[in-house]
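So you know, we letter chains A, B, ... as the sequences are listed, proteins then strands, and number each from 1. All values below come from the heavy atoms of this structure, side chains included, with hydrogens, waters and symmetry mates left out.
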Protein chains: 2
Amino acid sequence: MEKKIFREFLEKKGCKFTKERAAILSEVFSNHGHFDPEDLFSKIREKEAKASRASVYRTLQLLLECGLVEQVERIDKHAHYEHTFGHKHHDHLICLRCGKVIQLFSEKLEKLQESLCKKENFRCVSHTLEMKGYCEKCGSKGRK
Amino acid sequence: MEKKIFREFLEKKGCKFTKERAAILSEVFSNHGHFDPEDLFSKIREKEAKASRASVYRTLQLLLECGLVEQVERIDKHAHYEHTFGHKHHDHLICLRCGKVIQLFSEKLEKLQESLCKKENFRCVSHTLEMKGYCEKCGSKGRK
DNA sequence: ATTGTAATTGAGAATCAATCTCAACATAAA
DNA sequence: TTTATGTTGAGATTGATTCTCAATTACAAT
């Protein structure tokens, strides 16, 4: 399914659906957590189907472009991603102590955001809400 | 005022309020836009009061820790900051075409976020809402 | 003032994610 | 098959950020 979407996107763009891109796509959709490019690269390296680091970065860019993947805010400083096809948009609560990420969705929140954009005549194409703090388990233990 | 806060924070931490830190602090509060470490460094370099790049980065870290400065989401990939003392919290609309940043505050939104955190027993210490899209001027012109 | 000591500084080196280069390779249409 | 165009990977490059460490400074105690 995501394969079809990606293939069509590439076609429309005059690009090719190569085996490297296929391998990267399938790895991206092979599980549901967040990942970073280096993760992705090394997981791909372990399999028969290989791709270079450069291709991983390039393909990630394409996946962002066609909306199959979104960039997620970072606890540390490098980029994190998650695939989004088949998932509803959601926001994140990020625990500063244990790194746990809680996903969250609120229809009310989405609506409110929309209306705020409208007020500014801003055409929103994506948004990120990230709340950092302490999760239930870590909450009582205070700060880092 | 922010000077007092910073000084007390440093003291509590067993650190010193040096002239370099003072220079950096005052530069950070000398105007109200976003900035990045390199900006800050070069502006400081132009003045009599100097500080090294290393000190800029180190001091920025301290300013984050004590809450005088917040990290803002990035359009490109490097870190941006803004000082926050004396400002209400606000969110950002970021134009993907011209880079314009519109600040935004909604009491309703804040309240809603709070209640979502409470539902998850999450103690939120900071949050960032960033909506990316096209501003009024750029909106009609479509995508990059 | 002087001294002791622990924090701080700056210049440049080091790190590290991300991007770029470019020659060799694939793919599809003519 | 030829041609044109897109793609690949290894390694080099970039560029922001962090680290190193000897020299310096601030501050409290003499």
Student: Hey, which sits more toward the 5' end of DNA chain D by its nearest nucleotide, Glu11(B) or Glu20(A)?
Tutor: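 It is Glu20(A) whose nearest nucleotide is closer to the 5' end.
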
Student: Do Glu107(B) and Lys111(B) sit within salt-bridge range, that is, some charged N less than 4.0 Å from a carboxylate O?
Tutor: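 Salt bridge flag = yes for Lys111(B) with Glu107(B).
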
Student: More 5' along DNA chain D: Ala54(A) or Phe17(B), using each one's nearest nucleotide?
Tutor: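 Its nucleotide being nearer the 5' end, the pick is Ala54(A).
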
Student: Tell me the interatomic distance from Arg58(A), atom CZ, to dC20(C), atom C1', rounded to whole angstroms.
Tutor: 9 Å

Student: Under a 3.5 Å distance rule, please check whether Thr59(A) uses its side chain to pair with a backbone N or O of Val56(A) as donor and acceptor.
Tutor: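 Absent.
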
Student: What is the distance, to the nearest angstrom, from the CZ atom on Arg7(A) to the C1' atom on dT27(C)?
Tutor: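 Checked: the CZ to C1' distance equals 14 Å.
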
Student: Where the side chain of Ala51(B) is defined as all heavy atoms beyond and including C-beta, which of dT7(D), dG9(D), dG10(C) is the nearest nucleotide?
Tutor: dG10(C)

Student: Considering just the side-chain nitrogens and oxygens of Thr18(A), establish if one lies under 4.0 Å of OP1 or OP2 belonging to dT8(D).
Tutor: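 Yes, such a contact exists.
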
Student: Starting at atom CZ of Phe41(B), determine the distance to atom C1' of dA11(C), rounded to an integer number of angstrom.
Tutor: 10 Å

Student: Separation of Phe35(A) atom CZ from dA18(C) atom P, in whole Å?
Tutor: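 Going from Phe35(A) (CZ) to dA18(C) (P), I get 12 Å.
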
Student: OP1, OP2 of dG10(C) versus side-chain N and O of Ser55(B): anything below 4.0 Å?
Tutor: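 So the side-chain polar atoms of Ser55(B) do come within 4.0 Å of the phosphate oxygens OP1 or OP2 of dG10(C), strictly under.
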
Student: Between P on dC16(C) and OH on Tyr57(A), what's the gap in Å once rounded to a whole number?
Tutor: 13 Å

Student: Between atom CZ in Arg53(A) and atom P in dC20(C), what is the gap in whole Å?
Tutor: 16 Å

Student: Calculate the interatomic distance between Glu38(B) atom CD and dT17(D) atom P; express it in whole Å.
Tutor: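 Those two atoms, CD and P, are 8 Å apart.
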
Student: Quick test of your reading of the model: are Glu8(B) and Lys4(B) salt-bridged, counting only N-O distances below 4.0 Å?
Tutor: yes

Student: Classify the nucleic acid contact of Arg45(A) as base, sugar-phosphate or nothing, counting any heavy atom under 4.0 Å across all strands shown.
Tutor: sugar-phosphate

Student: Ring-plane angle category for Phe6(A) and Phe9(A), please: parallel below 30°, perpendicular beyond 60°, tilted otherwise.
Tutor: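 Parallel: the ring planes of Phe6(A) and Phe9(A) meet at under 30°.
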
Student: Taking everything shown except Gln103(A) itself, do over 12 heavy atoms lie less than 6.0 Å from its CD?
Tutor: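 Yes - once you tally the heavy atoms of other residues, nucleotides and ligands closer than 6.0 Å, there are more than 12.
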
Student: Measuring from the side chain of Arg21(B) (C-beta onward, heavy atoms only), which nucleotide among dG9(D), dC19(D), dT8(C) has the closest atom?
Tutor: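 Of dG9(D), dC19(D), dT8(C), dT8(C) is nearest to the side chain of Arg21(B).
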
Student: Nearest-nucleotide wise, let me know which of Gly14(B) and Lys50(B) is further upstream toward the 5' end of DNA chain C.
Tutor: Gly14(B)

Student: In whole Å, what is the span from the NZ atom of Lys12(B) to the P atom of dA7(C)?
Tutor: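 So the two atoms are 19 Å apart, to the nearest Å.
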
